[in-house]
Amino acid sequence: MKRIVFLERMSGFGYSIERQFEELRRWLPPEWSTEVLRCPTPGGGKLWLPKGLASASRCRADVYHVVSGVQYLAAATPAMRTVVTVCDLGSLNAAKGLKKLLFRLSYYTVPMRKCKAITVISETTRERLIKAFPWCDEKVTVIPDPLVTGFEYVPKDLCKGRINILIIGTGEQKNLPRAIRALSGFACTFIIIGRLSEIQRRALADSRSDYENIEGATDGEVVEWYRRCDIVLFPSLHEGFGMPIIEGQATGRIVITSDLEPMRSVAGDGAVLVDPYSESDIRAAVTVVVENPELRGRLLAAGLRNAARYEPKAIAGQYAALYQRLLGDGHTLPGQQVV
């Protein structure tokens, strides 16, 4: 029996990468036993760094997988048996001054130089990472996020009169105010998962939009909202992956997303792609979907086919193969793309 320890952020991050890895652990081959060590992040008090490193240094396993959000922990795990997952570079790009320098050093430079292998969730993240850290190229492998349990095809006819449009996430990159303005006066109700900012609330009020806002939704509640909606609208400006695209497709809902990477590649041919900076483009996409049942049928079928690429058993198998290669030799793993 081989043992792997997953080092993750402490609980409370909700709809995040920890969900994905919880699902993956269920599908790893039986010869792998797993343990999860949850460690603090910069918001975890003054001593978060030494506490986290001390906890990581006490771990004993065959493979150590440091999940995005606590990459600094790789400084305390055995170099030749450590995998680091990087979801995106959003936090690094947003940081300024000395904070950015320290964050770059502790979350990227030190852990990525020390570890044996790096995984990223999309080719776009790989390109961004290598542009920022060219020396890590040979360590990087692309393994996409898995579709978690619960997202399955549930047939639904388009609502007559007023359609329900689901928006997952309220971060600035989700482009919510522009999407709201784009559909001002449209016969729809927004279902928005996540805490609304004052700017977003003002946009909703100014456009006189009908909406429901759900904060702190459980996994089961999120699944249910996918089933109730007619369209998943995801015109994000940047992402590491774009999981709502796959979740919407797997549920059998029409997806409208950005004609940008990685959303374009993640969606395959199972979504309507729009210019996320164009309100008219977003509105036109919703209009054509509502008015064209043949298009909806094609998108539904293509979306279901595309979502099948992200079944958790297949993604877990890709990680298991990486772990086995990690134990099998003492050389740096060559980078490769796994889709």
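All heavy atoms count here, side chains included; hydrogens, waters and symmetry mates do not. Counting begins at 1 with the first residue of the sequence.
Heavy atoms from other residues, nucleotides or ligands lying under 6.0 Å from CD of Glu31 number more than 12. Counting heavy atoms of neighbouring residues, nucleotides and ligands inside a 6.0 Å radius, atom CD1 of Ile199 does not exceed 12 of them. Atom NZ of Lys51 sits in a sparse spot, with 12 or fewer heavy atoms from other residues, nucleotides or ligands closer than 6.0 Å. In Glu172, the CD atom is not crowded: 12 or fewer heavy atoms of neighbouring residues, nucleotides or ligands sit closer than 6.0 Å.
Put simply, the side chain of Tyr323 does not reach to within 4.5 Å of the side chain of Lys2, judged on heavy atoms. Val84 is not listed as a side-chain neighbour of Thr119, based on a closest heavy-atom distance of 4.5 Å or more. At least one side-chain heavy atom of Phe234 sits less than 4.5 Å from a side-chain heavy atom of Pro244. Under the 4.5 Å side-chain criterion, counting only non-hydrogen atoms from C-beta, Met112 is not in contact with Lys139. Side chains of Gln200 and Thr170 form a contact here, defined as non-hydrogen atoms less than 4.5 Å apart. Val142 places none of its side-chain heavy atoms less than 4.5 Å from the side chain of Ile121. Two residues are said to be in side-chain contact when any heavy atoms from C-beta on lie closer than 4.5 Å; Leu237 and Ser258 fail this criterion. The shortest distance between side-chain heavy atoms of Cys87 and Thr125 does not fall below 4.5 Å.
Once rounded to the nearest 0.5 Å, the distance linking CD1 of Ile256 with CG of Asp259 reads 13.0 Å. Interatomic distance, NE2 of His238 versus NZ of Lys174, reported as 9.0 Å (0.5 Å rounding). From Leu300, atom CG reaches atom CZ of Arg305 across 9.5 Å, with rounding to the nearest 0.5 Å. With values rounded to the nearest 0.5 angstrom, Lys99 atom NZ is found 8.5 Å from Ser91 atom OG. Atom SG of Cys229 is separated from atom CG of Asn164 by 7.5 Å, given to the nearest 0.5 angstrom. One finds the CD atom of Glu18 at 12.0 Å from the CE atom of Met10 (value rounded to the nearest 0.5 Å).
Shown here for Ala316 and Leu28, the closest heavy-atom pair between the two residues is O-CD2, 3.7 Å. Of all the heavy atoms in Arg296 and Ile254, the pair that sits closest is O-CD1, 3.6 Å. Nearest heavy-atom pair, Pro111 versus Ser106, reported as atom, atom and distance to 0.1 Å: CD-O, 3.3 Å. Scanning both residues, Pro276 and Pro235, for their nearest heavy atoms gives CB-O, 3.4 Å. Taking both residues in full, the closest heavy atoms of Ile143 and Tyr319 are given as CG2-CE1, 3.5 Å, listed atom of the first, atom of the second, then distance. Shortest non-hydrogen contact noted between Ile245 and Val255 is O-CG2, 3.7 Å.
Taking the six-membered ring where tryptophan is involved, the planes of Phe6 and Phe21 are tilted, since the angle between them lies from 30° to 60°. Aromatic ring orientation, Tyr72 versus Trp48: perpendicular (interplanar angle above 60°, classes split at 30° and 60°).
Side-chain N/O atoms of Thr124 and Glu127 include no donor and acceptor closer than 3.5 Å. Judged by distance alone, the side chains of Ser68 and Thr85 never bring a donor and an acceptor atom under 3.5 Å apart.
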Checklist line | CA sep, side-chain torsions, deciding dist, call: Val286, Leu183, side-chain contact (heavy atoms from CB on, under 4.5 Å) | finding: CA-CA 8 Å; Val286 175; Leu183 295 172; 3.9 Å; yes
Next item on the list: I would like to know whether Leu7 and His65 meet side-chain contact (heavy atoms from CB on, under 4.5 Å); could you show each step before the answer?
Entry: CA-CA 6 Å; Leu7 298 98; His65 192 146; 5.9 Å; no
Check: Is there a salt bridge (charged side-chain N to carboxylate O under 4.0 Å, His left out) between Arg19 and Glu22 once you walk through the steps?
Finding: CA-CA 5 Å; Arg19 266 180 87 239; Glu22 181 181 6; over 6 Å; no
Item checked: Test log, rule side-chain contact (heavy atoms from CB on, under 4.5 Å), inputs Phe133 and Arg104 -> CA-CA 10 Å; Phe133 305 93; Arg104 180 185 177 96; 3.5 Å; yes
Next item on the list: Could you walk me through whether Ile163 and Leu158 pass side-chain contact (heavy atoms from CB on, under 4.5 Å), step by step?
Entry: CA-CA 7 Å; Ile163 62 169; Leu158 196 74; 4.1 Å; yes
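Cluster annotation: Leu92 and Val66 are assigned to the same hydrophobic cluster (Ile/Leu/Val/Met/Phe/Trp/Tyr, side-chain heavy-atom contacts under 4.5 Å, transitive). Residues Tyr211 and Ile167 share a single hydrophobic cluster, defined by chaining ILVMFWY side chains whose heavy atoms lie under 4.5 Å apart. Both Val67 and Leu322 belong to a common hydrophobic cluster when Ile, Leu, Val, Met, Phe, Trp and Tyr are linked at side-chain heavy-atom distances under 4.5 angstrom.
Under a 4.0 Å N-O distance rule, the pair Asp88/Arg128 does not qualify as a salt bridge. We find that Arg81 and Asp62 are not joined by a salt bridge, their nearest charged nitrogen and carboxylate oxygen being 4.0 Å or further apart. In summary, Arg126 and Asp137 engage in a salt bridge, as defined by a charged side-chain N under 4.0 Å from a carboxylate O. With respect to the salt-bridge test (charged N to carboxylate O, under 4.0 angstrom), the residues Arg201 and Glu198 do not qualify. Salt bridge Arg283/Glu279: absent, no basic N to carboxylate O contact under 4.0 Å.
Put simply, the residue from Leu166, Val154, Ile191, Ile193 that forms a side chain to side chain contact (heavy atoms under 4.5 Å, CB included) with Tyr226 is Leu166. None of Arg25, Arg26, Gln20 except one satisfies the side-chain hydrogen bond (donor to acceptor under 3.5 Å, both in side chains) rule with Glu23; the exception is Arg26. With respect to Val63, the side chain to side chain contact (heavy atoms under 4.5 Å, CB included) criterion is satisfied by exactly one of Thr34, Ile4, Val5: Ile4.
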